[in-house]
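Here is how names work: the chains are called A, B, and so on, in the same order as the sequence lines, proteins then strands, and each is numbered from 1. The figures that follow rest on heavy atoms only: side chains count, while hydrogens, waters and symmetry mates do not.
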2 protein chains.
Amino acid sequence: MITNMKSLKIILEKEGIKPTYQRLKILEYMSRNTVNHPTVEMIYERLLKDIPTISMTTVYNTLSAFLEKGLVGAITITGTEMRYDFNTASHHHFLCKQCGRIIDIEVTCPFSEGKKLQHGHRVEEIHGYFKGICKDCLKDMKNSVKESNP
Amino acid sequence: MITNMKSLKIILEKEGIKPTYQRLKILEYMSRNTVNHPTVEMIYERLLKDIPTISMTTVYNTLSAFLEKGLVGAITITGTEMRYDFNTASHHHFLCKQCGRIIDIEVTCPFSEGKKLQHGHRVEEIHGYFKGICKDCLKDMKNSVKESNP
DNA sequence: TTCATATTTGTAATCATTTTAATTATGTAA
DNA sequence: TTACATAATTAAAATGATTACAAATATGAA
Ligand SMILES: [Mn+2]
Ligand SMILES: [Mn+2]
Ligand SMILES: [Zn+2]
Ligand SMILES: [Zn+2]
């Protein structure tokens, strides 16, 4: 989590992105919400509190710029909307079909190591994820059973 | 590739799906196009030749039914539209950013083996894929360079 | 200040998918 | 066969995420 505006500004300037207020706040939000894997909607709704005039378009454009410069990663896992990730280090995900949360997973295996060639194709991105029921939802399901069979 | 309607019919009946003409043709198309990872659009356009009255909705509904029964897999990798896969065995994919093709990749590693628990989460699906430039597009790019520097 | 340019904003358009309701096909009882 | 119930298909409308476009606003140099 990067709390001071100074270092956020430096990150943007290093990539040749002019550090406007909305861009800084979007980057700040991303750095504070690494576990969320937020949607554009989530970012927009939160930033409305600080910047009542901000538009969806700005959030979309800014994230596209960040993505292009490699400041964030993008995950197409739900099939309905894009999820963004401030953690650009190679890691995998778990999507819970029950609660919809996307959880980071550490999996070390040949699949997730290095962007080399695969069957002659040039690899630029590596994505891996699981779908299922998360730990917490499993617990909730067990509790529900208990409650109905006391 | 399953060519005869008889065995296609048996597949659907085994899953409790009434083998209508459109459903059989959609399943036949899927079994013939395992390398494509087709979109609903692709399936619809092809089937129009055989069934001029077929609707998009039927293709959507049928694939949802197939998916529910595990007769096909679904891939959310492009971020724009769903791609379907007749090959339900565990395997990975490569998406070419140039030509848009989705290519099967055999990767054997702990990540792709068995649907067990991961960090306490119940795993029901495993997805892995690479993005980059495919072998053929790499070749084309080299040829373009040659042509402009003869 | 004035002008050029970049950024932000609001609105409209696009595209994949879902919902809804009408139409058609299928099977069975009378 | 006919009549009716049910399932499947179809067409049309609605939805939701994203993109395109054009107007408004901010920034910064001359
Ligand atoms: Mn992550
Ligand atoms: Mn495949
Ligand atoms: Zn959950
Ligand atoms: Zn290619």
B:Tyr21 OH - D:dT10 C1' separation (whole Å) | 17 Å
Below 4.0 Å: OP1/OP2 of C:dA25 and any side-chain N or O of B:Thr20 | no
Could you tell me the separation between the CG atom of B:Leu63 and the C1' atom of D:dA8, rounded to a whole number of Å?
-> 16 Å
B:Met82 atom CE is separated from C:dA16 atom P, nearest whole Å, by 13 Å
Tell me what A:Gln22 touches on the nucleic acid: a base, only sugar-phosphate, or nothing, going by heavy atoms under 4.0 Å.
-> sugar-phosphate
What is the distance, rounded to the nearest whole Å, between atom CE of B:Met42 and atom P of C:dT17?
-> 13 Å
When the distance from CG of A:Leu67 to P of D:dT19 is rounded to whole Å, what number comes out?
-> 11 Å
From the list A:Thr39, A:Thr57, A:Val59, A:Ile26, side chain to side chain contact (heavy atoms under 4.5 Å, CB included) partner of A:Tyr44 resolves to A:Val59
Between atom CE in B:Met56 and atom C1' in C:dT17, what is the gap in whole Å?
-> 9 Å
Taking only the side-chain heavy atoms of B:Glu81 (C-beta and beyond), determine which of C:dT17, D:dT9, D:dT10 contains the nearest atom.
-> C:dT17
Among D:dA8, C:dA6, C:dT9, which nucleotide sits nearest the side chain of A:Lys18?
-> C:dA6
Neighbour count >12 (heavy atoms, 6.0 Å) for atom NZ, A:Lys139 = no
Taking the side chain of A:Ile51 as heavy atoms from C-beta outward, which of C:dA6, D:dT9, C:dT9 is closest to it?
-> C:dT9
Report yes if a side-chain nitrogen or oxygen of A:Thr53 is closer than 4.0 Å to either non-bridging phosphate oxygen (OP1 or OP2) of C:dT9; otherwise report no.
-> yes
For B:Thr80, report the nucleic acid contact type (base, sugar-phosphate, nothing); a contact means any heavy atom under 4.0 Å.
-> sugar-phosphate
Run the ring-centre check on B:Tyr129 versus B:His92 and record whether the distance is less than 6.0 Å.
-> no
Side-chain N or O of B:Thr57 closer than 4.0 Å to phosphate OP1/OP2 of D:dT10 = no
Can you tell me how far C1' of D:dA17 sits from OH of A:Tyr60, to the nearest Å?
-> 5 Å
Closest of C:dG10, D:dT10, C:dT7 to the B:Asn61 side chain is D:dT10
Show the numbers, then the answer: is there a side-chain hydrogen bond (donor to acceptor under 3.5 Å, both in side chains) between B:Asn61 and B:Thr58?
-> CA-CA 5 Å; B:Asn61 289 339; B:Thr58 296; 5.7 Å; no
Starting at CD1 of B:Ile54 and ending at P of C:dT24, how long is that distance when rounded to a whole Å?
-> 17 Å
State, yes or no, whether a side-chain contact exists between B:Met42 and B:His37 at a heavy-atom distance under 4.5 Å.
-> no
